[in-house]
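Take a look at the structure below.
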Amino acid sequence: MQQIPDVIRQIPLNNYVWFSTALFCIGIIGVLTRRNAIIIFMSVELMLNAANLLLAAFSSYKSDPTGQVFVFFIMAVAAAEVAVGLAIIVMIYRNIQSIDVGILNKLKW
Amino acid sequence: MNAIIALSLFGITNLFLGFLNNRKILLPATLLFVLIAFGLNLADWNHEYYWFHNMLKTNNLSINFTSIILVATALVVAISRGFGNDEEHTHPAEYYGILLFSVVGAIMMVTFQSLFMLFVGIEILSVAMYVLTGSDKRNLRSNEAALKYFLMGSFATGIMLFGIALVYGATGSFDINGIGNMVNQAKLQDIMLNPYGPILYGGIILIFVGLLFKISAAPFHFWTPDVYDGAPSIFTAFMSTVVKTAGVAATYRLLSISFPAVYGLWGNPLVYITCLTLFIGNITAVYQQSFKRMLAYSSISHAGYLLITVLAKTPTTNSSILFYSLAYSIATISAFAVLMVVSEAQSKSGKPDESFTALNGLATNNPFLAFVLTVSMLSLAGIPLTAGFFGKFFIFADAFSNVSSLFKTIAVVAILMSTVGIYYYFKPIIAAYLKKGDLEKIELSPIYKLTLIITTALTILLGIAPDLVKNIF
């Protein structure tokens with residue numbers, strides 16, 4: 001069986017860097033332009049996954065496992081964040097029956 | 001770093017104490033836990049230890065920062081009054097537990113040796129604070145603050161993570177000393193010919209965008225006033241002291257250990273960010289009608305003062321940051337303590353009144369509270385004979401001792417802005433002493449009164465004899 005780092009190395013490193021940069025930019029644009037809290041949240045997750053992909057690619061090119069360990073840390077922490085974030089969104093939905101961030105203007109931006 | 005282990009266990013213990021159906025025990029227990037952690041933290045004094053496979057490193061600087069964080073936490077716990085008597089809607093055991101967990105995150109942020117721990121520390125601190133910000137579940141302002149804090153905080157984390165990934169790609173290391181060595185070597189060659197140069201630079205910039213978000217420096221400050229305004233006051237006090245101190249400490253640690261070799265890259269942008277932060281924080285604070293919101297803007301401006309000395313990189317920077325954080329933390333906590341009791345006494349239809357007018361006539365029936373408020377405001381404004389004066393003095397002295405003429409410009413901007421500060425910090429004092437109001441006498445619990453006496457006494461003591469603490473730092 002072929003080793004996974006070898007499979008990853010069949011694609012040039014530059015492609016990984018550009019691809020994850022593109023994902024990251026899509027995430028940022030999503031956060032800045034969308035009004036739905038869930039979609040904003042999804043865009044944030046996209047940014048985290050861009051970082052994950054980049055770490056995995058760098059780590060196999062450098063034959064250094066610490067980068068992949070970092071990916072596990074990010075996944076675990078992102079799961080914790082999802083739990084808290086969805087709870088906050090549900091709490092808001094119970095109070096105002098909407099999750100459009102535009103309605104939340106009790107405090108001035 | 002036994003304090004981290006102890007605090008995690010104490011946090012869990014606190015959650016179980018919630019089963020006892022005795023709310024009175026929680027506050028003293030939490031206070032005791034924080035004091036034990038303080039003792040454990042001091043046990044490592046004058047030693048340099050690596051912990052957990054080089055993940056954390058303690059030295060005197062980090063122990064000092066940890067001490068400031070724990071002192072601020074103890075003071076915040078002492079003024080929490082058990083989170084009220086509303087049996088159904090408040091959950092003090094959970095609040096105290098989460099508070100202790102977030103302190104674990106803050107300690108990791110000031111002692112990290114690997115970027116792993118920087119990330120995990122920031123996340124532990126932030127996730128705990130998202131929950132506490134939204135803890136007033138039925139209040140729409142608190143909900144909104146929690147959502148804004150959560151979305152903006154995780155956005156900043158995403159940016160910082162991408163930066164960490166890029167820096168890892170360029171240097172092949174997560175260890176801050178290792179990164180520092182690689183950056184030094186890269187500097188010897190021409191950085192732009194190095195294939196990893198642009199990746200390294202991009203990564204450093206993204207990490208700093210993420211960190212500046214956390215310490216709410218302009219132009220990344222826009223979430224701060226809303227979140228500080230909407231969160232319950234006690235957690236705002238915690239956020240503006242502990243979270244800010246930890247964020248500044250993390251930024252300083254990373255800048256001074258990993259990236260001094262590329263000062264040219266981050267030095268100049270950070271100078272403009274500092275000036276902008278001072279300007280926006282102070283000028284916008286002038287226009288606020290709400291005392292709490294004014295304190296939020298003042299916390300932005302204090303982030304600006306702290307950034308000056310982070311940038312100036314003089315031998316005395318360590319002690320200046322520590323002294324300023326301490327002075328700022330105790331003054332802010334006593335201001336919030338006064339705000340909390342007064343706004344509840346003045347509440348209209350169940351909602352606390354947090355505007356300046358709520359303070360009108362405070363001095364007639366509550367001379368003690370008015371005095372505490374005055375001392376804390378004078379300290380935040382930087383008037384002599386208070387700790388805040390020496391905090392600002394040390395920072396300006398650092399800026400002037402730097403050879404670069406740029407720092408003289410920043411120092412002049414900062415001095416001008418602190419005179420603007422005097423205007424808005426005197427508003428609550430004027431309201432308390434000169435305006436007429438019908439505020440009744442407010443009864444304070446003994447521990448609350450004791451905390452206010454301690455913070456006020458410390459502020460004055462450090463204003464008269466700053467060397468008492470300055471020599472330790």
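Throughout, a chain's letter reflects where its sequence line sits, starting with A, and its residues are numbered from 1. Only this structure's heavy atoms are used, side chains among them; waters, hydrogens and symmetry mates stay out.
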Handout entry: chain B contacts, top residue of A/L48, A/I89, A/N52, A/L54 (heavy-atom pairs, under 4.5 Å)
Key =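 Between A/L48, A/I89, A/N52, A/L54, the count favours A/L54.
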
Gap separating the [atom1] atom of [X] from the [atom2] atom of [Y], nearest 0.5 angstrom:
{"X": "A/I92", "Y": "B/N143", "atom1": "CD1", "atom2": "CG", "result": "5.0 Å"}
{"X": "A/E81", "Y": "B/T157", "atom1": "CD", "atom2": "OG1", "result": "5.5 Å"}
{"X": "B/R138", "Y": "A/R94", "atom1": "CZ", "atom2": "CZ", "result": "9.0 Å"}
{"X": "A/F58", "Y": "B/T171", "atom1": "CZ", "atom2": "OG1", "result": "9.5 Å"}
{"X": "B/S154", "Y": "A/E45", "atom1": "OG", "atom2": "CD", "result": "8.0 Å"}

Problem - Proximity breakdown for B/Y130 and chain A, heavy-atom pairs closer than 4.5 Å - result: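 For B/Y130, heavy atoms of backbone and side chain both lie under 4.5 Å from chain A.
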
Handout entry: Which atoms of B/I122 approach chain A - backbone, side chain, both or neither, heavy atom under 4.5 Å
Key =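 For B/I122, there is no contact with chain A at all, as no heavy atom is under 4.5 Å.
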
Exercise: identify the closest heavy-atom pair between [X] and [Y]:
{"X": "B/A165", "Y": "A/A51", "answer": "CB-O, 4.0 Å"}
{"X": "A/G85", "Y": "B/F150", "answer": "CA-CZ, 3.3 Å"}
{"X": "B/V127", "Y": "A/V84", "answer": "CG1-CG2, 3.5 Å"}

Practice task
Using a heavy-atom cutoff of under 4.5 Å, enumerate the residues of residues 19-27 of chain A that contact chain B, numbered in order, or state 'none'.
Solution key: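 Hits under 4.5 Å: A/S20, A/T21, A/F24.
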
Handout entry: B/F155 and A/I40: CA distance, side-chain angles, deciding distance, side chain to side chain contact (heavy atoms under 4.5 Å, CB included) verdict
Key = CA-CA 9 Å; B/F155 182 50; A/I40 296 178; over 6 Å; no

Problem - Aromatic ring proximity, centroids under 6.0 angstrom, B/F174 and A/F70 - result: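 Yes, close enough.
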
Please classify the contact between [X] and chain B as side chain, backbone, both or neither, with a heavy-atom cut-off of under 4.5 Å.
{"X": "A/L55", "value": "both"}
{"X": "A/L46", "value": "neither"}
{"X": "A/N95", "value": "side chain"}
{"X": "A/I99", "value": "neither"}

Handout entry: A/K62 atom NZ, neighbour heavy-atom count above 12 within 6.0 Å
Key =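 Enclosed: over 12 neighbouring heavy atoms sit under 6.0 Å from NZ of A/K62.
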
Practice task
Would you mind reporting whether B/L151 and A/V101 have side-chain heavy atoms less than 4.5 Å apart?
Solution key: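 Counting from C-beta outward, A/V101 and B/L151 do come under 4.5 Å.
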
Practice task
With the side chain counted from C-beta on, respond yes when A/I96 and B/L140 share a heavy-atom pair under 4.5 Å apart, and no when they do not.
Solution key: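 Yes, close enough: below the 4.5 Å cut-off.
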
